[in-house]
Amino acid sequence: MAERNYKDTLNLPRTDFPMKANLPAREPELLKKWNEMGLYQQIQKAREGHELFVLHDGPPFANGDVHMGTALNKILKDLVVKSQTMLGKRAPYVPGWDCHGLPIEYKVVRESRDLSPLEVRKRCDAFARKYVDIQRQQFKRLGVLGDWEHPYLTLDPKYEAEILRAFAVFVEKDLVYQSKKPVFWSTGAQTALAEAEVEYQERDDTSVYVKFPIVGGKRSPNASGVDLPPNTSIAIWTTTPWTLPANLAIAVDPKEVYVVQEFRRDGVAETLLIADKLVAQFCANTKFEPTGEPLASFPGANIDQIKARHPFLDREAIVLIADFVTMDSGTGAVHIAPGHGEDDYNLGRANKLPILSPVDDHGKLTDEAGVPSLTGKYVFDANGDVVNLLRDHGNLLGARNFHHSYPYCWRSKTPIIFRNVEQFFIRIDELRPRALEAIHNEVRWVPAWGENRIAGTVESRPDWVISRQRSWGVPLPVFYSPEGKPILDAKVIRKLADLVAARGSNIWFELSDADLAKELGLPAGTTKRNDTIDVWIDSGVSHQAVCALHPELRDPADMYLEATDQHRGWFQSSLMTSIALKDRAPYKICVTHGFVVDVDGKKISKSGTYDKPMDAGHFVGKHGADLVRLWASSIDYTDDVPFSEEMFTRLGDTYRRIRNTLRILLGNLFDFPVGPPEVALASRQSSSRHRLEADATSETDPINLTLVDRWILGRLDEVIRECRAAYEAFEFHKVYHILNQFCAVDLSSLYVDITKDRMYCDETGSPRRRAAQAAMREIFTALCRLLAPVLAFTADEAWSYATTDHSVHLEEFPKTQDRGNEAIEQVAELLKLRAVIGQAIEKARQEKLIGNALEAAVVLQSSSEVTNQIDKTELEEFFILSDLTIEPGKETGATVTKTAYLKCARCWRHREYVGKSKTHPDLCDRCEGVVTKMAGPR
RNA sequence: GGGCCUGUAGCUCAGUUGGUUAGAGCAUGCGCUUGAUAAGCGCAGGGUCACUGGUUCGAGCCCAGUCAGGCCCA
């Protein structure tokens, strides 16, 4: 006769919570539910009156799809917001977008040329709004909760007005000044260009070697006391002879060796100062020959501040040391025209040189150049004249054609020049000391080295150029008197702000000069220009425009959280404007994360050759948002953030392990009577969906926890404590590891495995079984809540199988119960013994002595006290064994033989009692009891 | 070229003030189970702690340099 099948007498786990997550399909359903119930609003309402935590969103640029880097940033923010909320705080999240700026304008202008500024602005506006909508959808899809229907946009008239009001304060505090700065200038389009609008073409130019005879200054600058020989000239080299009229200095490298050497060519001798390394190249290019040994040799630092005569103007050029001098080409002495180059400009400013740029909008030299014959000449046509001028003055050492790649205007296809343009600046020196003070004293930097980094950039940053010759931005509120003098007036700017708040900043472009002047009460004849404010001001004043004015927020914010490039970007612009406006930092904590890098640690370039998918949408569609969130939580974001398909495969394993752990807990709780008894009863009969709300009164019998129960609850306490601490410290990857470990080791391979016997085989209402269920219920509810910030969808889904009314996101994190750690210490001992037994059983298996571990008779030689303290039944349960004998001994060891006991047909354990019953010879004592009771009185 | 940072098993991370044989999870291999089953359990293998030198009785940890990578600047 076949063995009776006892399967239907077991309490096998039951749940509708699916094993297969199918996140890409399930998540949108949950999102819909959240949206319909107004989850974000419910959470805010539930937290009314609680301590406030403001994470202020750094606005992403409204341009393009959300890629993994942006997704990482938003998810990290969401982890902060969700975890702070569950720590009991009110953590509103108002997302924002940065809408003005070149990237959008560039795209718009490239599509259709020759638009008026107003038309450009209208199209940019539409473009930005389109991408705000696209990104909003994508962020929401990631499970990020926030006030998505009321984000802040820097193009909002009210926001724009705040930018202008901040500007008014800058003006009032005399932080704004006007000066000149060279920019890329298109002579064809008569406009300033951004780097992105520059394209490179090959072209031929005249390169010249020029001598600057040394005059006055320190004639014997050598530290070693060596005099420079008389009649020494400094040799320079340039490919833009037309900039020579604007020359004001010569730069040398302080560390490189320079020599003074006599050269000859066609019987003419020259004594030249030149970098040692470039003598040979100079000779090859000019046909000069060195004569004799160098007359002097010294590092460039030694000729700092000496002076040389300009090759054709009645002026001197000063020698300066600089770090950008290269030894690739030229002479090692670099011609400096502060009005015609970035390096030149910075060096000139640092040394208080004038910023000379004698060129007009069309690229024609002006009389400021000081050479009447050149006035009105297009710079590229003037090169030949300059060469002649040099030759006439006897200061031309050589001229030759030079083929190189040169920047061109993408629109007019004309060669670009560097040219001075009037710009407006903010005096950083006025703000720097307070900014540094705030950095060091008022802000917590996460990671800590952020302090160093931003301090470094603040220490070294030059004045802030805040004007742009662009259309897509907030108008630069500067007016010009009929005489052309700039008018910076805080009162007028505030009036303009009111006008912009009411009618939008397009008003600046829509109204004529006269009408605008009238609106603002400026004298007739006042004019405006179409410059705009640097977009870093836009986002940089969000602490005022958003945090200070939004009724739910607060200024200063508790936290800013951005990628590390923002140490120089938004963190700094926000700090500077906040110091200017409020004399304090706009944030209390600054968190930075690294950039997303490839599996090899290589950067993932957006424009480069990287061909693998990087859109967040790709991964959300393929794996689900919870997997992307799990990824974001699993890494240490303070470093570069690794990213690869393999990681997603691994994360999928982790995810399934966590999901299955939740599932088995739910399955084991299907009949646990909690809540009002009738509800428990009803749910038990109708479905495996049931309530898990704690309700102590429903438990009639006190629950007697066994060792493993006490242990797992002790572990849960540790897990809760560690997770809370990790969330409080914003160390999400610790949460990931803690919970992963807890699910995989403590629960799956230990607690759930160990308690299977009582869960399945004990009588339904047995105290041991109920004890395990009580523990599991507590674990399940705690686990869901601890997971909720990370697995925002899955935790809520699982939660819904245990409750009926509200989302897990309305909960707070579980609290520790301070259960003591006696059980943890005992189990730590038992785990050591377990390993010894495991090895012995494995050996027996390999020897084909046994198959299943339940077939083993184990004799354990224990040197541990714990085996005396714990009841043998509990030890057998813990080790999941049928037949265990303990022998106290000095050393720990285990021997395994095949047990002589018969196998219980119901619980599969080999027990002494099996075969001894008359009614149930195939059952053990425990199972016989259960089966008999189930049959009940007829 | 300068500033700030990073480099521990195939992957993601631990590694306390320097102190036994450097840990965990996942992955891999070999088994067991088929009552969590597109699951579960056990055992095992896997690391010159980027490299070189130094300080020390002793270095993954401290110091110097090199290499590789990232962000920012030039």
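All chains are named by letter (A, B, ...) in the order of the sequence lines, taking the proteins before the strands, and each is independently numbered beginning at 1. What you see is a predicted model; the values in this text were computed from it and never measured.
Between the P atoms of C41(B) and A36(B), the separation comes to 10 Å (whole Å). Taking atom P on both U55(B) and G60(B), the two are 16 Å apart, rounded to the nearest angstrom. To the nearest whole angstrom, the two P atoms, one in A22(B) and one in C49(B), are 10 Å apart. For A68(B) and C57(B), the C1' atoms lie 34 Å apart once the distance is rounded to whole Å.
Rounding to the nearest 0.5 Å places NE2 of H567(A) at 11.5 Å from CG of L575(A). How far CD of Q773(A) is from CG of N11(A): 8.0 Å, rounded to the nearest 0.5 Å. Atom CD1 of I635(A) is separated from atom NE2 of H733(A) by 8.5 Å, given to the nearest 0.5 angstrom. Here L347(A) contributes atom CG and I250(A) contributes atom CD1; the two are 11.5 Å apart, rounded to the nearest 0.5 Å.
The side chain of R834(A) lies closest to C41(B) when the candidates are A14(B), C41(B), C5(B). For D640(A), the listed nucleotide lying nearest its side chain is G70(B); candidates were A74(B), A36(B), G70(B). The side chain of E646(A) has C11(B) as its nearest neighbour among C11(B), C41(B), C26(B). Closest to the H737(A) side chain, of the nucleotides U6(B), A27(B), C13(B), is C13(B). Listed nucleotides: U12(B), C4(B), C73(B). Nearest to the side chain of R568(A): C73(B). Nearest to the side-chain atoms of A744(A) among the listed nucleotides C13(B), G25(B), C43(B) stands G25(B). Nearest nucleotide to the K20(A) side chain, out of A38(B), C13(B), C26(B): A38(B). Here U33(B) is the nucleotide among A39(B), G35(B), U33(B) with the atom lying nearest to any side-chain atom of N852(A). Distances were taken from every side-chain heavy atom of D653(A) (C-beta onward) to each of A36(B), G25(B), A27(B); the shortest belongs to A27(B). Closest to the side chain of M647(A), out of G70(B), A36(B), U12(B), is U12(B).
Rounded to an integer number of Å, the gap from CG of L12(A) to P of A39(B) is 19 Å. As a whole-Å value, the separation of D753(A) CG from C41(B) C1' is 5 Å. If you take CG of N668(A) and P of G40(B), they are 14 Å apart, rounded to a whole angstrom. Atom-to-atom, CE of M776(A) to C1' of A36(B) comes out at 11 Å; the value is rounded to the nearest Å. Atoms CG (N740(A)) and C1' (C11(B)) sit 13 Å apart, rounded to a whole Å. I880(A) places its CD1 atom 11 Å from the P atom of A36(B), with the value rounded to the nearest Å. Atom P of nucleotide A36(B) and atom CD1 of I658(A) are separated by 20 Å, given to the nearest angstrom. Note: NE2 (H593(A)) to C1' (U6(B)) measures 17 Å, nearest angstrom.
Side-chain atoms of R453(A) come within donor-acceptor range of the base of C71(B), with a qualifying N/O pair under 3.5 Å. Side-chain N/O atoms of Q741(A) and base N/O atoms of G25(B) include no donor-acceptor pair closer than 3.5 Å. Between the side chain of T15(A) and the base of A36(B) there is no donor-acceptor pair of N/O atoms closer than 3.5 Å.
In this structure, Q839(A) reaches the A44(B) phosphate: one of its side-chain N or O atoms is under 4.0 Å from OP1 or OP2. For the pair Y655(A) and C26(B), the criterion of a side-chain N or O lying under 4.0 Å from OP1 or OP2 is not met. Phosphate contact (OP1/OP2 of C73(B), side-chain N/O of H567(A), threshold under 4.0 Å): absent. Taking side-chain N and O atoms only, S748(A) has a distance below 4.0 Å to OP1 or OP2 of C41(B). Applying the 4.0 Å criterion to OP1 and OP2 of G40(B), one finds that R657(A) has a side-chain N or O inside that range.
Here T457(A) lies out of heavy-atom contact (under 4.0 Å) with every strand. Note on K756(A): a base of the nucleic acid sits closer than 4.0 angstrom, heavy atoms only. No engagement by S460(A) is indicated, since no non-hydrogen atom pair under 4.0 Å with the nucleic acid exists. T654(A) comes within 4.0 angstrom of nothing in the nucleic acid, heavy atoms only. Within the 4.0 angstrom heavy-atom criterion, only backbone atoms of the sugar-phosphate kind lie near R663(A); the bases stay farther away. Residue I635(A) is classed as a sugar-phosphate contact, given heavy-atom separations below 4.0 Å to backbone atoms only. The residue P642(A) sits close only to the backbone: its heavy atoms come under 4.0 Å of sugar-phosphate atoms, none of a base. Counting non-hydrogen atoms under 4.0 angstrom, D343(A) reaches the backbone sugars and phosphates but no base.
As the counterpart of A22(B), no nucleotide is assigned, since no Watson-Crick or G-U wobble pattern has both distances under 3.5 Å. Checking A64(B) for Watson-Crick or G-U wobble geometry (two distances, each under 3.5 Å) identifies U52(B) as its partner. Pair check for C4(B) finds G70(B); Watson-Crick or G-U wobble, both atom distances under 3.5 Å. The partner of G31(B) is C41(B), by the rule that a Watson-Crick or G-U pair needs both atom distances under 3.5 Å. In this structure, G46(B) makes no Watson-Crick or G-U wobble pair, since no nucleotide meets both defining distances under 3.5 angstrom. Base pairing annotation: A14(B) forms no Watson-Crick or G-U wobble pair, as no partner gives both donor-acceptor distances under 3.5 Å.
Classified by interplanar angle (parallel below 30°, tilted 30° to 60°, perpendicular above 60°), the ring pair Y801(A)/F17(A) is perpendicular.
Checking D626(A), N740(A), N660(A), T794(A) one by one against Y655(A), the side chain to side chain donor-acceptor pair (under 3.5 Å) holds for a single residue, T794(A).
A ring-centre distance under 6.0 Å is found for F619(A) and F643(A).
Salt bridge status for E928(A) with R911(A): absent, with no side-chain N to carboxylate O gap under 4.0 Å.
No hydrogens or angles considered: a donor-acceptor pair under 3.5 Å links the side chains of D709(A) and Y751(A).
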